[in-house]
Amino acid sequence: MTDRSAHAVATAVANRLADPARAPAAATANASRQHLAFGPTGIALLHIERAAAGLGPWQRAHDWLAAATRQPFTSGPDSHPFYGAPALAHALACAADHLPGSYRRSLSLLDQQMTADTRRRLDAAHRRIDTGQLPALREFDALRGLAGYGTYLLRRDPTGPVTRAILDYCVRLTEPITRGIEHLPGWWAPTGPSGRPDGQFPGGHANHGMAHGVGAVLALLALSARRGTTVTGHHPAMRAILAWLEKWKTTSGRGTAWPYWITRDELRSGQLPASVPRRPSWCYGTAGLARAQQLAALALADTDLQREAEAALLNALTDPAQLRATTDSGLCHGIAGLIHLTARTAADAAPATADQFRAIIPALLAVLLPLGTAPDEAATRLLEDEAGAGLLDGAAGTALGLLAIDSSAPPHTAWDACLLTA
């Protein structure tokens with residue numbers, strides 16, 4: 001499978017999603033309308049990226065944004081980075097970066113709302129820390145929490161007071177919490193990974209994921225440091241998360257891997273049970289965490305850590321057992337996400353290592369698009385899959401992943417800022 005074939009499939013998907021009125025009903029249903037993960041705003045990102053690259057008309061992006069905004073968007077406590085006003089703000093900002101003057105009034109209002117919502121969330125988080133309570137995952141994670149707000153504000157107001165306040169919070173999140181004689185990391189959640197009480201997680205867990213765990217916090221701290229925005233305790237906070245991940249790293253197949261989470265029993269015993277290879281995805285697993293650690297290494301100028309992080313991803317991408325566990329197509333936990341992460345990681349790697357990453361991409365493409373697959377046939381298969389047309393699991397996100405196969409050229413827009421991969 002060649003780069004040209006991958007781009008042809010991405011084009012076929014975009015053409016099938018050209019008109020919201022003719023798109024799959026689930027993509028424009030009112031239940032999906034405010035969701036970045038599977039609604040119109042996420043699909044708009046595909047057309048925004050293609051238009052910015054000169055591959056398609058801006059009108060398609062405008063049409064999808066219009067479809068999203070036919071009714072008011074939710075803001076305040078019922079919204080989060082992937083739902084409501086913050087989701088719309090991300091899509092509009094990506095477009096406005098390439099259309100100076102466009103969406104100015106809407107973005108100004110959304111930025112004001114994002115600032116107010118972030119301050120409210122920060123106040124609640126600091127009150128929680130002051131009382132010694134454990135955090136909910138939705139307080140700090142990428143999809144619903146302050147890491148997600150932080151990546152947006154880092155783009156819109158990189159040195160602003162609210163951006164710095166989020167970074168101060170991230171630093172404070174790394175301070176341990178004492179329970180009796182136990183010292184829990186500050187990101188220890190009292191629930192299961194779903195965010196709800198779970199009998200399989202008595203005593204809660206420490207979540208490592210990029211979607212719902214401390215991986216997103218590490219990535220935000222690293223990205224802000226690389227942009228020159230730091231706060232007191234910034235680098236020690238990154239080191240604290242890195243030390244935790246170093247403690248719990250394991251060997252899986254060909255190299256280093258990280259468990260999705262740590263339970264209270266595992267914390268007490270200091271040991272992990274034997275496990276089968278798991279998919280090395282963006283949301284959970286080695287791929288997302290390796291990228292977060294590479295970003296941290298670059299921010300800290302730690303060449304040893306960078307080599308270790310990049311080796312972990314290389315090993316995961318060449319381990320047949322881990323790849324067999326990756327059965328989906330999309331960005332969140334599928335092959336498109338691995339392609340995107342590989343390209344992003346290669347762009348920041350040393351030349352020799354970057355060449356190794358680039359050499360892996362054709363094999364990943366072959367899994368997603370078997371040799372001889374016609375672009376229209378592949379687009380039909382992706383759009384008819386139960387994952388749907390959306391960004392996180394569906395066809396639009398897969399198409400964006402296919403556009404990323406040239407690891408020497410970053411995306412034209414910041415569409416993937418919501419994933420904290422760059």
Applying side chain to side chain donor-acceptor pair (under 3.5 Å), run through R50 and T11 and close with a yes or a no.
CA-CA 9 Å; R50 295 187 79 250; T11 298; 3.2 Å; yes
So H90 and R155, side chain to side chain donor-acceptor pair (under 3.5 Å) or not? Walk me through it.
CA-CA 10 Å; H90 173 59; R155 288 170 52 218; 3.2 Å; yes
Can you list the steps and then say if T230 with R164 is a side chain to side chain contact (heavy atoms under 4.5 Å, CB included)?
CA-CA 7 Å; T230 59; R164 297 180 68 84; 5.8 Å; no
Salt bridge (charged side-chain N to carboxylate O under 4.0 Å, His left out), that's the test. Do D123 and R120 meet it? Break it down for me.
CA-CA 5 Å; D123 288 345; R120 173 183 52 78; over 6 Å; no
Can you check salt bridge (charged side-chain N to carboxylate O under 4.0 Å, His left out) on R226 and D348, steps first, answer last?
CA-CA 12 Å; R226 293 192 74 196; D348 287 320; 3.6 Å; yes
I would like to know whether L55 and L403 meet side chain to side chain contact (heavy atoms under 4.5 Å, CB included); could you show each step before the answer?
CA-CA 11 Å; L55 300 174; L403 291 176; 4.2 Å; yes
Kindly determine whether E139 and R128 satisfy salt bridge (charged side-chain N to carboxylate O under 4.0 Å, His left out), including the steps that lead there.
CA-CA 10 Å; E139 177 185 294; R128 190 269 306 166; 2.4 Å; yes
Full working for side chain to side chain contact (heavy atoms under 4.5 Å, CB included) between I48 and W58
CA-CA 7 Å; I48 292 167; W58 279 103; 4.0 Å; yes
Residues L295, L218; criterion side chain to side chain contact (heavy atoms under 4.5 Å, CB included); working and verdict:
CA-CA 9 Å; L295 290 169; L218 177 62; over 6 Å; no
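Annotation: cation-pi pair R144/Y83 absent, no NZ/CZ under 6.0 Å from the ring centroid and within 45° of its normal.
For the residue pair H62 and Y103, a side-chain donor N or O sits within less than 3.5 Å of a side-chain acceptor on the partner. Side-chain contact of Q306 with D302: a donor-acceptor pair under 3.5 Å is absent, judged by distance alone. Looking at D141 and H212, their side chains do bring a donor and an acceptor atom within 3.5 Å of each other. In summary, the side chains of H205 and T263 do not present any donor paired with an acceptor at a separation below 3.5 Å, with no hydrogens or angles considered. Side-chain polar atoms of H234 and T229 form no donor-acceptor pair below 3.5 angstrom. A donor-acceptor contact closer than 3.5 angstrom links the side chains of Y152 and D111. Defined by atom type and a distance below 3.5 Å, a donor-acceptor pair is present between the side-chain atoms of T421 and D416. Side chain to side chain, W244 and H208 meet the donor-acceptor criterion of an N or O pair below 3.5 Å.
P86 approaches P81 most closely through the heavy-atom pair CB-CA, 3.7 Å. Pairing each heavy atom of A422 with each of L223, the nearest pair is C-CD2, 3.5 Å. In terms of heavy-atom proximity, A18 sits nearest to R60 at CB-NE, 3.4 Å. Heavy atoms only, all atoms of each residue included: A206 and W187 are closest at CB-NE1, 3.9 Å. Closest non-hydrogen pair, D117 versus Y149, comes out as CB-CE2, 4.2 Å. Closest approach of P190 and P135 over heavy atoms only: CD-O, 3.2 Å.
Residues L323 and T318 have side chains not in contact (no heavy-atom distance under 4.5 Å, counting atoms from C-beta outward). Two residues are said to be in side-chain contact when any heavy atoms from C-beta on lie closer than 4.5 Å; C170 and L220 meet this criterion. A 4.5 Å side-chain heavy-atom check between Y284 and N207 finds at least one atom pair inside the cut-off. Two residues are said to be in side-chain contact when any heavy atoms from C-beta on lie closer than 4.5 Å; R33 and F73 meet this criterion. Looking at D198 and T191, their side chains never come closer than 4.5 Å, going by heavy atoms from C-beta outward. Using a 4.5 Å cut-off on side-chain heavy atoms (C-beta onward), I177 and R179 make contact. The side-chain heavy atoms of S281 and T326, taken from C-beta on, include no pair separated by under 4.5 Å. When side chains are defined from C-beta on, L368 counts as touching L402, because their heavy atoms get closer than 4.5 Å.
With hydrogens and angles disregarded, no donor-acceptor distance shorter than 3.5 Å links the side chain of S108 to the backbone of R104. Checked by atom type and distance alone, the side chain of Q34 pairs as donor or acceptor with a backbone atom of T74 at under 3.5 Å. Remark: side-chain polar atoms of R70 are paired, donor with acceptor, to backbone N or O of A67 under 3.5 angstrom. At least one donor-acceptor pair under 3.5 Å links the side chain of T118 to the backbone N or O of M114. One N or O on the side chain of T345 and one on the backbone of L341 form a donor-acceptor pair closer than 3.5 Å. Without hydrogens or angle criteria, W188 side chain to G203 main chain gives a donor-acceptor distance under 3.5 Å. Panel note: side chain T286, backbone A316; no donor-acceptor pair is recorded below 3.5 Å. Put simply, the side chain of H80 gets close to the backbone of F82: a donor and an acceptor are under 3.5 Å apart. Between the side chain of N315 and the main chain of A311, a donor-acceptor pair closer than 3.5 Å is present. E49 places a side-chain N or O within donor-acceptor distance of the main-chain N or O of H412, the cut-off being under 3.5 Å.
Put simply, CG on L45 and NE2 on H47 are 10.5 Å apart, with the number rounded to the nearest 0.5 Å. Interatomic distance, CG of L338 versus CG of L365, reported as 11.5 Å (0.5 Å rounding). Rounding to the nearest 0.5 Å gives a distance of 5.0 Å between CG of L46 and CG of L400. Between the CD1 atom in I335 and the CG atom in L317 there is a gap of 9.0 Å [rounded to 0.5 Å]. L314 CG to T353 OG1: the interatomic distance, rounded to the nearest 0.5 Å, is 7.0 Å. Within the model, atoms CZ of F140 and CZ of R121 stand 13.0 Å from one another, a figure rounded to the nearest 0.5 Å.
Note: Y169 and H126 have perpendicular aromatic rings, judged against thresholds of 30 and 60 degrees for the angle between ring planes.
A salt bridge is absent between D130 and R127: the closest approach of a Lys/Arg side-chain nitrogen to an acidic carboxylate oxygen does not fall below 4.0 angstrom. Checked for salt-bridge contact, K249 and E246 meet the test: a charged N lies under 4.0 Å from a carboxylate O.
In Q71, the CD atom is crowded: over 12 heavy atoms of neighbouring residues, nucleotides or ligands sit closer than 6.0 Å. Within a 6.0 Å sphere centred on CZ of R196, other residues, nucleotides and ligands contribute 12 heavy atoms or fewer. The number of heavy atoms from other shown groups lying within 6.0 Å of CZ (R264) is above 12.
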